[in-house]
Amino acid sequence: MCVSVLTMAVCMAAGAQADWTVDHRYAPVTWQTCLGLPDDWQKTLVGNDGALLYDYPGPFADFSIRLLCGAAEPAEFVNQSLLDPRVPIVRTVRRRGELTCTEEAFAVAPRPAVAEAKAPGLERIGPPDVIPGHARPAAACLPAFRDIAVGWNRPIQYRFHCEPGGRYTVVFGLCEGWWGEAGHRIQVLTAEGAEPSTVDLAATPGQNQPAVYRFEAEDRDRDGRLDLTVAAAPEATDTNTVLSALWVFAPGQAPSDADLIAGRATGSLDFVACGSAAPAGPPRHDLLLVRWHNAGAAAARVAPTLTIQSTLPPEADGDRRLRLGPDSAVSFAAPVTLVAAGDRQWTVALTPIDLPPGGEALVPILVARGRAVLDVPCRLDDALDWRRRAERYWRDADLPYGRIRVPDAGIQAQLDSAVRNIYQAREIKQDLPAFQVGPTCYRGLWVVD
């Protein structure tokens, strides 16, 4: 008892003399910052090195796509900060000699003024759990058959937003990667308005063999929502449900099974690779605005680069745009050169820049995300306008700041940043706003939370 009292007294004395400064001395070595807009499906993160991170989970800093700005001659990291606690424009500063690189990363808000694409109709209902690399098809096929949406002891449910009373051809794509023997994972596939079908993929067509199942569906209750479900059959011993892909076509317009499996299907009203971490929604854009400044007395040359790490190889779409699968594209303001740099890593060489003493240059890089990605050009004038609009959007955002007030400006900044972050994690589920724990593995909410 005496020891405890003495220890408490010593601690209180030390505490009374301590400098009560919040300086993040125990912060983790690495960190990430969310750029996404409130209620949006796209939850872009920026790593502590300034890299844009997409599609959790994956092998590159836990993501499937990692985009990092740099130069042919590397620069040393100096610091990273927010423009303002309420404005998630992330500034990452690097320096090489007299050259300083300041990179600003932010979500374009509101999105660029382009022709509206038709809003995707397929929406997953319930937890968005996925397993990348679940199956290993031997033959070449649509990449979606390697991954699965999974329902842990529960059905997988999708909804297609459609014309009330509409008729459609719906195709389920599945591939069993776990069971090699029949009788375990037996599933019932249901599309509203069509007869259900019971399948055991390990029996037919067999383990790691892609298969498709089509239904002539109808919105019978005329509510403008076509319900699609994968459920465990009563006799199943494994009640975890799986689904790789979903297509919706106009009645009778679905291609052959062979074309669907091979990835040659065209003309769908909507398609979802169900094993994607976060199924893509309407087009969204992020911008990297990179400023190079020469503080030296002599001219300097900069050779900017963008390092791409991706599970899908980039494909050139002209000389100023690269596509990373069907849902992602990176655009540049000038022609670029793509060079393979290693296993699932590529270097994009941008146009070199000559900087006079005291000179500076701005380099925009635009990342487009979403199903039916729209081709928005990357131009410096537009990038500067989007930068102004993004700052104004966040400063005018109607978020519940000021509910908690403290005298210390630093702590108040922490609180404001937390409010913003909570609303960035929120999104619309079943037409209602849903607060979530975060933008990656806990992108879902349980009653215990």
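Everything quoted here is computed from the prediction, not taken from an experiment.
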Under 4.0 Å between a side-chain nitrogen and a carboxylate oxygen: does that hold for E76 and R95?
no

Any ring pair (Phe, Tyr, Trp, His ring centres under 6.0 Å) involving residues 62-93? Give me the pairs, sequence neighbours left out, ordered by first then second residue.
Y56-F63

Are R379 and D381 within salt-bridge range, i.e. N to O under 4.0 Å?
no

Got a list of side-chain donor-acceptor pairs under 3.5 Å for residues 26-35, not counting sequence neighbours?
{"residue": "W31", "atom": "NE1", "partner": "Q80", "partner atom": "OE1", "Å": "2.7"}

Using a 3.5 Å distance criterion without hydrogens, assess whether the side chain of Q157 forms a donor-acceptor pair with backbone atoms of D227.
no

For residues 248-260, the salt bridge (Lys or Arg N to Asp or Glu O under 4.0 Å) pairs (sequence neighbours left out) are R214-D257, D259-R264

Taking R94 first and then E103, would you say they form a salt bridge - that is, a charged N and a carboxylate O separated by under 4.0 Å?
yes

Qualifying residues under side-chain hydrogen bond (donor to acceptor under 3.5 Å, both in side chains), relative to D219, sequence neighbours excluded
none

For the side chain of R369 and the backbone of Q42, is there at least one donor-acceptor N/O pair under 3.5 Å apart?
no

What residues form a side-chain hydrogen bond (donor to acceptor under 3.5 Å, both in side chains) with D408, not counting sequence neighbours?
none

Pick out which of L228, L189, T190, T169 makes a side chain to side chain contact (heavy atoms under 4.5 Å, CB included) with F215.
L189

Answer whether the closest heavy-atom distance between the side chains of F332 and V348 falls below 4.5 Å.
yes

Only pairs at least two apart or in different chains count here, so list each side chain to side chain donor-acceptor pair (under 3.5 Å) that has a residue in residues 329-343.
R321-S331

